[in-house]
Amino acid sequence: MSNKSSVRVRFAPSPTGDLHVGNIRTALFDWAYARHTGGKLIFRIEDTDTERVTDQYIQAAIDTLKWLGLNWDEGPEVGGEYGPYLQSQRLEIYATWADKFLAQGDAYHCYCSGEELEERRQLQMKNNQAPGYDGKCRNLSATQIQEFKSQGRKPVVRMRMPDGETTFVDAIRGEVKFEHKYVPDFVLARADGSPLYTLAVAVDDVLMKITHVLRGEDLLSSTPRQIRVYQAMGLKPSEYPIFAHLPFVMGQDNAKLSKRNGEVSIAWYREQGFLPEAICNYLALLGWSPGDDKENITMQELVELFTVERVNSSPARFDMKKLEAINGDKIRALTIDEFLKWALPFLINAKVITGTQAELDVVRSALPIIQERIVKLAEIPTMLNFLFVKNFKVEGDEMGKIVDPDSQNVLKVALTKLEPVQSWDHVAIESVLRVALIEELGLKPRIAFSALRIAVTGSHISPPLFESLELLGKERSIARIKAAISN
RNA sequence: GGCUCCGUCGUCUAGUGGCCUAGGACUCUGGCUUCUCAAGCCAGCUACGAGGGUUCGAAUCCCUUCGGAGCUACCA
């Protein structure tokens, strides 16, 4: 490998949809590697397929990456000396190279129509032959070309794969070899001159001086084609980038993660209240490991520890439970100020609060008691709703649990003991209630406090009772207990 | 079908010939703690796909086999 500061890695998604878990894992590794080596991360948009690409996804991808904390040195928004970084803005460059390949004899015009190709492919399959371009237009005579032209045919540009084989060393998998008889001549540019991935990706990696290509394993078998383009461009093997094909992230059904087998859109994780650092931490563990037993790491630690050598070659199954566990850990590690910053949008979105200073003060004092009780930020609204709801009412199910004589008695006793309490803090509240209900009435704590919990929070599951009472305030607490007493 | 990649607990992984009667994390189960729910703590379950070699010794090396995945486009 060349010296450290010259490392240039690229993340080059095709914006045909929202960035998903697999894309992000790749982006994360690209980023971590660039940062680890002190190199540059180049963000390039591969939008050569005009039929599938949508502009909105480009902006969405930018937003997602930024939200995750992954920054880039060259690319959309930041520019760079090798731009533009949208392939749709580099069309002339690809056209120029395609012409050069044609002139050099590395590529040739192919006049076969899609239907003809498909027909021949079916025939190959039927005869148990490897399907692929059969080389029909490889050596057309001038008269044949005239003939096709007079038929009004427009040619595509097809790369000639010479006999032989391509061998390259994948940084994760070792030496990989493809015999060219299994790598048919491939199309570089459509009849209208627009480039295909195979052309654009190779040209850009060379022009943008990419030194390391870390990408999904699905591109492994397209590597010989990419190398063929390098050769046509005049590169020596020592000038090829280093390839590292990352293992897949798979869904529950053992297939590549997709919308069908799991939640893949990062937007969804964001809405659920997963922290960017938790997502990155978890994703980093899919196909890579720090080496020791420490799994909960910061972005900083990831950068320090990440090496391609430690990337696994086998695919990993996505496990929501573990992501949640890590997210819970990260949430618990937040300072209250940070936690507040993350919590507010969820509270406001759920219309639990509007965002007044008074509300913020309450939320801030309530956060410590729910911090270790949630796994996702989206759980916050339901947990704190009882503190803000205007017309509080215990719902039927829960109400049914406190209409029995014992519960009613607890509420009545609690009411009389609580009303005189002057300093309304959880310590005082707890001691009063313990004396009255546990010592004097001889009740089991879980029985005694359960009735009160339901009466004031509306649910048998809530944050700690005494702190909840304190946060609610004396007035509302008393009122709710009164309301829960049947007569 | 062909080509290529991959194969350690349910899941993510540690492991590069002896440190492995295989370690950690998540999940699950049981327990402790306890005002609910959590958190925390303790314990337990469970794996080298299979079969052959090589070796004093193999999860680690070799072969075969089985299984899974990707590719096989004028998608990327």
Side-chain angles (χ1 to χ4, degrees), chain A residues 12-16 46-49 51-53 110 112-114 117-118 121 124-125 127-133 154-158 170 172-173 176-179 181-184 186-192 194-198 200-201 215-224 245 247-248 250 252 254-256 282 285-296 312-326 328-329 332 369-375 383 430 433-434 437-438 444-450 452-454 457 459-466 468:
Chain A
S14 181
T16 55
E46 311 231 321
D47 54 350
T48 51
D49 185 355
E51 302 208 340
R52 295 172 62 217
V53 165
C110 171
C112 299
S113 71
L117 255 19
E118 186 54 33
R121 192 173 299 126
Q124 288 172 321
M125 306 259 265
N127 296 338
N128 236 337
Q129 291 174 298
Y133 189 69
K154 295 280 190 193
V156 299
V157 178
R158 201 178 276 279
D170 183 280
I172 292 170
R173 292 150 210 282
V176 182
K177 181 166 76 178
F178 288 88
E179 291 184 47
K181 60 180 173 181
Y182 302 119
V183 185
F186 56 97
V187 177
L188 295 168
R190 301 182 179 88
D192 65 3
S194 65
L196 268 79
Y197 169 78
T198 28
V201 70
R215 60 183 357 176
E217 168 181 11
D218 49 337
L219 268 351
L220 184 60
S221 48
S222 91
T223 306
H245 289 91
F248 283 129
M250 305 198 293
Q252 293 308 316
N254 220 9
K256 227 172 112 180
Y282 175 64
L285 264 19
L286 253 30
W288 174 84
S289 88
D292 56 19
D293 290 338
K294 189 182 178 190
E295 289 196 331
N296 189 321
N312 244 17
S313 51
S314 52
R317 218 112 29 218
F318 185 84
D319 181 9
M320 185 70 77
K321 281 285 202 300
K322 183 146 185 177
L323 204 213
E324 289 179 345
I326 290 176
D329 285 342
R332 270 170 250 130
I369 62 172
I370 64 163
Q371 191 164 20
E372 67 185 29
R373 296 184 154 66
I374 61 166
V375 145
M383 281 215 141
E430 174 165 9
L433 290 176
R434 279 196 186 277
L437 302 174
I438 313 303
K444 286 203 183 309
R446 63 184 305 141
I447 305 293
F449 298 137
S450 175
L452 268 174
R453 181 189 312 285
I454 293 171
T457 70
S459 168
H460 68 286
I461 297 172
S462 82
L465 180 61
F466 314 114
S468 296

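Being a predicted model, the structure only gives us computed values, none of them experimental. So that the names make sense, note that chain A is the first sequence line, chain B the second, and so on, each numbered from 1.
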Where do N or O atoms of nucleotides 61-65 of chain B meet protein N or O atoms at under 3.5 Å, pair by pair?
none

May I ask you to say what [X] touches in the nucleic acid, namely base, sugar-phosphate or nothing, with a heavy-atom cut-off under 4.0 Å?
{"X": "L323(A)", "value": "nothing"}
{"X": "R52(A)", "value": "base"}
{"X": "V176(A)", "value": "sugar-phosphate"}
{"X": "K181(A)", "value": "nothing"}
{"X": "T457(A)", "value": "nothing"}

With sequence neighbours excluded, what pairs up with S450(A) under the side-chain hydrogen bond (donor to acceptor under 3.5 Å, both in side chains) test? none

Partners meeting side-chain hydrogen bond (donor to acceptor under 3.5 Å, both in side chains) with R190(A) (sequence neighbours left out): S194(A)

I want to check one thing: is the phosphate of rG7(B), taken as OP1 and OP2, less than 4.0 Å away from some side-chain N or O of R173(A)?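 No, R173(A) has no side-chain N/O under 4.0 Å of OP1/OP2 on rG7(B).
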
Between N or O atoms, less than 3.5 Å apart, protein on one side and nucleotides 29-32 of chain B on the other: list the pairs.
none

Base-pairing mate for [N] - Watson-Crick or G-U, with both contacts under 3.5 Å:
{"N": "rG30(B)", "result": "rC42(B)"}
{"N": "rU16(B)", "result": "none"}
{"N": "rG2(B)", "result": "rC71(B)"}

List the residues meeting salt bridge (Lys or Arg N to Asp or Glu O under 4.0 Å) with [X], not counting sequence neighbours, and say none if there are none.
{"X": "R332(A)", "result": "D329(A)"}
{"X": "R173(A)", "result": "E217(A)"}
{"X": "D49(A)", "result": "R52(A)"}
{"X": "E372(A)", "result": "none"}

What's touching nucleotides 8-16 of chain B from the protein side, N or O pairs under 3.5 Å?
from	atom 1	to	atom 2	distance (Å)
rC12(B)	OP1	R317(A)	N	3.0
rC12(B)	O2'	L285(A)	O	2.7
rU13(B)	OP1	G287(A)	N	2.6
rA14(B)	OP1	S289(A)	OG	3.4
rA14(B)	OP2	N312(A)	OD1	3.4
rG15(B)	OP1	R310(A)	NH1	3.3
rG15(B)	OP1	R310(A)	NH2	3.4

Nucleotides 33-50 of chain B: protein proximity per nucleotide (B base, S sugar-phosphate only, - neither; heavy atom, under 4.0 Å): --BBBBSS----------

Looking at residues at least two apart in the chain, or sitting in another chain, which of them share a ring-ring contact (aromatic ring centres under 6.0 Å, His included) with F186(A)? none

Mind checking ring-ring contact (aromatic ring centres under 6.0 Å, His included) for Y133(A) and listing every partner two or more places apart, or none if nothing turns up? none

Say you pick atom P in rG52(B) and the same atom in rU60(B); how far apart are they, in whole Å? 14 Å

Does S313(A) reach the main-chain N or O of I172(A) with its side chain, forming a donor-acceptor pair under 3.5 Å? no

